[in-house]
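These notes are about the structure you will find just below.
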Amino acid sequence: MAKSIKFDTLEEKKLVWHTSSHILANAIMRLFPDAKFGIGPAIDNGFYYDIDLEHKFTEEDLVALEAEMAKIVKEEVPLVRKEMNRDEARKYMEDKGEIYKVELINDLPADAVITFYEQGDFVDLCAGPHLDTTAGIKAIKLLSINGAYWRGSEKNKMLQRIYGITFPKKSMLDDYLTKIEEAKKRDHRKIGKEMDLFMLTDEGPGFPFFLPKGMIIRNELEFFWKQEHVKRGYDEIKTPLIMNEQLWRTSGHWDHYKDNMYFTKIDDEDYAIKPMNCPGSILVYKRKMYSYRDFPIRLGEIGQVHRHELSGALHGLFRVRTFNQDDSHIFMLPEQMEEELVNRIQFIDDVYKMFGFNYKVELSTRPEDSMGTEEEWNAAEAALKNAMDKIGKEYVINPGDGAFYGPKLDFHIEDSIGRTWQCATIQLDFQMPQRFDITYIGADGEKHRPVMSHSVVFGSIERFTGILIENFEGKFPLWLAPVQVKLLTVTTAQNEYALKLADEMKAAGLRVEVDTRNEKIGYKIREARNQRDSYLVVIGQKEVESEVFASRSNKRGELEPMAKADFIAMLQEEIRTKAL
């Protein structure tokens, strides 16, 4: 257990937040003695606790709970670890009427040593770790109340989940709350609606609709992705959306990922809608025999996948049930691993620098539910470490969070208000080539097994679009912007000229809209600003006669008047260089 509160790393923060979840549960027990407790973990931004209680929590209850938590902190209550065997632990929780804790205990091995943490009048089933006492937490904020199915299953009871966050200094909480308010203004669902980019409907929960302006952003991202992959020697493929059960049994998804998949029957046989693109890519490889001289083989696919997400977890474009994953699969000789990994890391670095993103990298190692031998996993993890070390990139180890078929590098980008998002990943895979029995003819004339990597840059087009919306607050770099120029006429007398000018700008490769409505110019300008159009040009009689325009950039504000040709050239250069 910790001797004192530190708050420098995520691990240290989670120590504070895990303890805070117990303080919250203790406060709930004091104010609502009938409550039954589910789980209360630390998460990346705070903590939560799931509660079974007939009373429905209100905002007023959160205020009262915050005050009670502050009392518990002030009491400097020690957290004492206790151990029991499974039978003792089960009886202990049964006597307290904690049905959810009993269920968790029943799922543990019969010979397990089960730990509890005693915190004054509150005791919780928990593996820890925790702070030594409740002291030192200076700022507490309970953020929201949501519904959450017990153990994430819609078949179970809906519990009440209280989210919160704590800090060792009040100034840290103030900064965090300011960031939260800024994030609300940038919410991609709100901006997406104002800009008419995408929509979400009750007829298709988790299945987003992209609208014409949203499709411009998608198409630009996909075109950029394809160009950059062609430059680096990738061949593009497209694989089917539905394939039979046997394929998914071979890949291991049937055993390890079935709960997240959708199924159908065709000709009385079981088929699955693909949750990942990799098995299809392997079938493309298997269509013929390769020689060692053909390697590396780099295949890229922007493939639509479907994954079942619980309805309560759906969130705009960030958590959906179908998305387009920008997958790349590289088949390589063992001796090519390091070079290919280095190239892929540098590729991701180039893309993120272009968008202005800083990022951090995690190396996730072997999980409990994994395929393959320890020797294979060790070799794969070593290759990823060596590649990162070779190019001098820092990374942290994330133990046990690899994919079931191999370790991975996860790239966490930081946006303009300091939030982090996991996007790019590189997964090294020794297992799929074995399961699908893919081979090549080596220099010795014998069959050998290639190594495979799975990688994405964006992660998913949908999620990356949502991140870009929030990062740029809808004010996209010009090359991505749905409307690059909005021409606004002062009176209908300028309409003919404005339409002719729009045609000229479109011929120069610009995306242009013209507002010729018989409305006041102030109203037109306010509406265009709300839609985050990149450049606004007001066309009055003076502009018609001189062909010199004053314009307003949604990033730089009012610009000096310039001649038509100079204005068009300026925008073309901004697009060409993909300037931020």
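Numbers here are sequence positions counted from 1. Worth knowing before you read on, the calculation uses all heavy atoms, side chains too, and leaves out hydrogens, waters and symmetry mates.
- Judged purely by distance below 3.5 Å, without hydrogens or angles, the side chains of T322 and Q304 pair a donor atom with an acceptor atom.
- For the pair W17 (side chain) and T166 (backbone), a donor-acceptor distance under 3.5 Å is present.
- With ring centers used as reference points, W254 lies under 6.0 Å from F263.
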ask   = Please walk me through it: do N244 and E269 pass side-chain hydrogen bond (donor to acceptor under 3.5 Å, both in side chains)?
value = CA-CA 8 Å; N244 68 16; E269 291 186 20; 5.0 Å; no

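- Checked against a 6.0 Å centroid threshold, the rings of F355 and F464 count as neighbours.
- The aromatic rings of H306 and F207 sit tilted relative to each other, their planes meeting at an angle between 30° and 60°.
- For the 3.5 Å distance criterion, the side chains of H412 and E362 qualify, holding a donor opposite an acceptor.
- You'll find the side chain of V485 stays beyond 4.5 Å of the side chain of K506, heavy atoms only.
- With rounding to the nearest 0.5 angstrom, the CD atom of Q160 is 10.5 Å from the CG atom of N146.
- Here the side chain of D294 pairs no donor or acceptor atom with the backbone of Y290 at under 3.5 angstrom.
- Below 30°, between 30° and 60°, or above 60°: for F210 and F198 the angle between ring planes is between 30° and 60°, a tilted geometry.
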query = Would E519 and R526 satisfy salt bridge (Lys or Arg N to Asp or Glu O under 4.0 Å), going step by step from the backbone distance to the final call?
reply = CA-CA 12 Å; E519 299 280 359; R526 285 192 300 273; over 6 Å; no

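- Side-chain atoms of K524 and T489 form a donor-acceptor pair, as typed in the model, at a separation below 3.5 Å.
- Distance check: R321 CZ to S311 OG gives 6.0 Å after rounding to the nearest 0.5 Å.
- Within the model, atoms CZ of R576 and CG of L571 stand 13.5 Å from one another, a figure rounded to the nearest 0.5 Å.
- Using a 4.5 Å heavy-atom threshold, the side chains of M199 and K193 count as separate.
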message = Could you go through L197 and I469, starting from their C-alpha distance and side-chain angles, then the distance that decides it, and tell me whether this counts as side chain to side chain contact (heavy atoms under 4.5 Å, CB included)?
response = CA-CA 10 Å; L197 302 178; I469 291 171; 3.8 Å; yes

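- Taking 4.5 Å as the limit, every side-chain heavy atom of K555 sits out of range of all side-chain heavy atoms of Y535.
- Using bins of under 30°, 30° to 60° and over 60° for the plane-to-plane angle, the ring pair F347/Y234 lands in the tilted bin.
- Side-chain contact of H454 with D429: a donor-acceptor pair under 3.5 Å is present, judged by distance alone.
- K475 contributes no side-chain N or O that, together with a main-chain N or O of D533, makes up a donor-acceptor pair within less than 3.5 Å.
- With D326 contributing its side chain and E301 its backbone, the two residues share no donor-acceptor pair below 3.5 Å.
- Between Y163 and the options F47, F57, Y48, a ring pair (Phe, Tyr, Trp, His ring centres under 6.0 Å) holds for only Y48.
- When each of V284, I297, L299 is checked for a side chain to side chain contact (heavy atoms under 4.5 Å, CB included) with D235, only L299 meets the rule.
- At least one donor-acceptor pair closer than 3.5 Å links the side chain of Q484 to the backbone N or O of L478.
- Within the 3.5 Å criterion, the main-chain N or O of W225 finds no donor-acceptor partner in the side chain of E228.
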message = For a side chain to side chain contact (heavy atoms under 4.5 Å, CB included) check, start with the C-alpha distance between F323 and Q325, then their side-chain angles and the critical distance, and finish with the verdict.
response = CA-CA 6 Å; F323 56 94; Q325 196 163 39; 4.1 Å; yes

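- Contact check for L487 versus D515: no side-chain heavy atoms found under the 4.5 Å cut-off.
- Atom CG of L211 and atom NZ of K213 lie 10.0 Å apart (nearest 0.5 Å).
- Closest approach of Q572 to A508, counting heavy atoms only: NE2-O, 2.9 Å.
- When atom types are taken as modelled, the side chain of E462 and the backbone of N324 share a donor-acceptor pair closer than 3.5 angstrom.
- Checking side-chain atoms of S455 against main-chain N and O of T425 turns up a donor-acceptor pair under 3.5 Å.
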task = Might you work through the salt bridge (Lys or Arg N to Asp or Glu O under 4.0 Å) test for D270 and K265, ending with a clear yes or no?
result = CA-CA 5 Å; D270 290 323; K265 277 190 178 290; 2.7 Å; yes

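- Between H253 and Y257, the angle of the ring planes goes over 60°, which puts this pair in the perpendicular group of the 30/60° scheme.
- Using modelled atom types, one side-chain atom of R511 and one backbone atom of A481 make a donor-acceptor pair closer than 3.5 Å.
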ask   = Given the rule in the salt bridge (Lys or Arg N to Asp or Glu O under 4.0 Å) test, do K564 and E504 qualify, once you have shown the distances and angles that lead to the verdict?
value = CA-CA 10 Å; K564 175 179 67 176; E504 190 174 341; 3.1 Å; yes

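- Salt bridge absent: K179 and D175 never bring a charged side-chain N and a carboxylate O closer than 4.0 Å.
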message = Under the criterion side chain to side chain contact (heavy atoms under 4.5 Å, CB included), I'd like the reasoning laid out for E527 against R517: C-alpha separation, chi angles, the key distance, then a yes or no.
response = CA-CA 12 Å; E527 195 173 70; R517 293 174 299 167; 2.5 Å; yes

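- With a 6.0 Å radius and a threshold of 12 heavy atoms from other residues, nucleotides or ligands, K500 has its NZ atom at or below the threshold.
- Under the 4.5 Å side-chain criterion, counting only non-hydrogen atoms from C-beta, I539 is in contact with V537.
- Looking at E547 and Y497, their side chains do bring a donor and an acceptor atom within 3.5 Å of each other.
- Q541 and Q494 are linked by a side-chain donor-acceptor pair at a separation below 3.5 angstrom, with hydrogens and angles left out of the test.
- Checked for salt-bridge contact, R232 and D350 meet the test: a charged N lies under 4.0 Å from a carboxylate O.
- Under the 30°/60° scheme for interplanar angles, the aromatic rings of Y359 and Y352 are found to stand perpendicular.
- In this structure, L580 and F472 have side chains that are in contact, with non-hydrogen atoms separated by less than 4.5 Å.
- Put simply, the side chain of M452 reaches to within 4.5 Å of the side chain of I282, judged on heavy atoms.
- Proximity of V456 to S328: side-chain heavy atoms (C-beta onward) are nowhere separated by under 4.5 Å.
- Side-chain polar atoms of D327 and N277 form a donor-acceptor pair below 3.5 angstrom.
- Proximity of the aromatic rings of F224 and W479 is defined here by a centroid distance below 6.0 angstrom, and this criterion is met.
- Atom CE in M388 sits 10.5 Å away from atom CG in L341 (nearest 0.5 Å).
- Shown are R189, K190, H188; of these, the side chain to side chain donor-acceptor pair (under 3.5 Å) with E470 is made only by H188.
- Of all the heavy atoms in L247 and F436, the pair that sits closest is CD1-CE2, 3.5 Å.
- Only one option out of E182, R186, E473 pairs with S416 in a side chain to side chain donor-acceptor pair (under 3.5 Å); it is R186.
- No donor-acceptor pair closer than 3.5 Å links the side chain of R552 to the backbone N or O of E558.
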request  = Using the salt bridge (Lys or Arg N to Asp or Glu O under 4.0 Å) rule, take K185 and D187 through it: C-alpha gap first, then chi angles, then the decisive distance, then the call.
outcome  = CA-CA 6 Å; K185 291 193 297 184; D187 190 317; over 6 Å; no

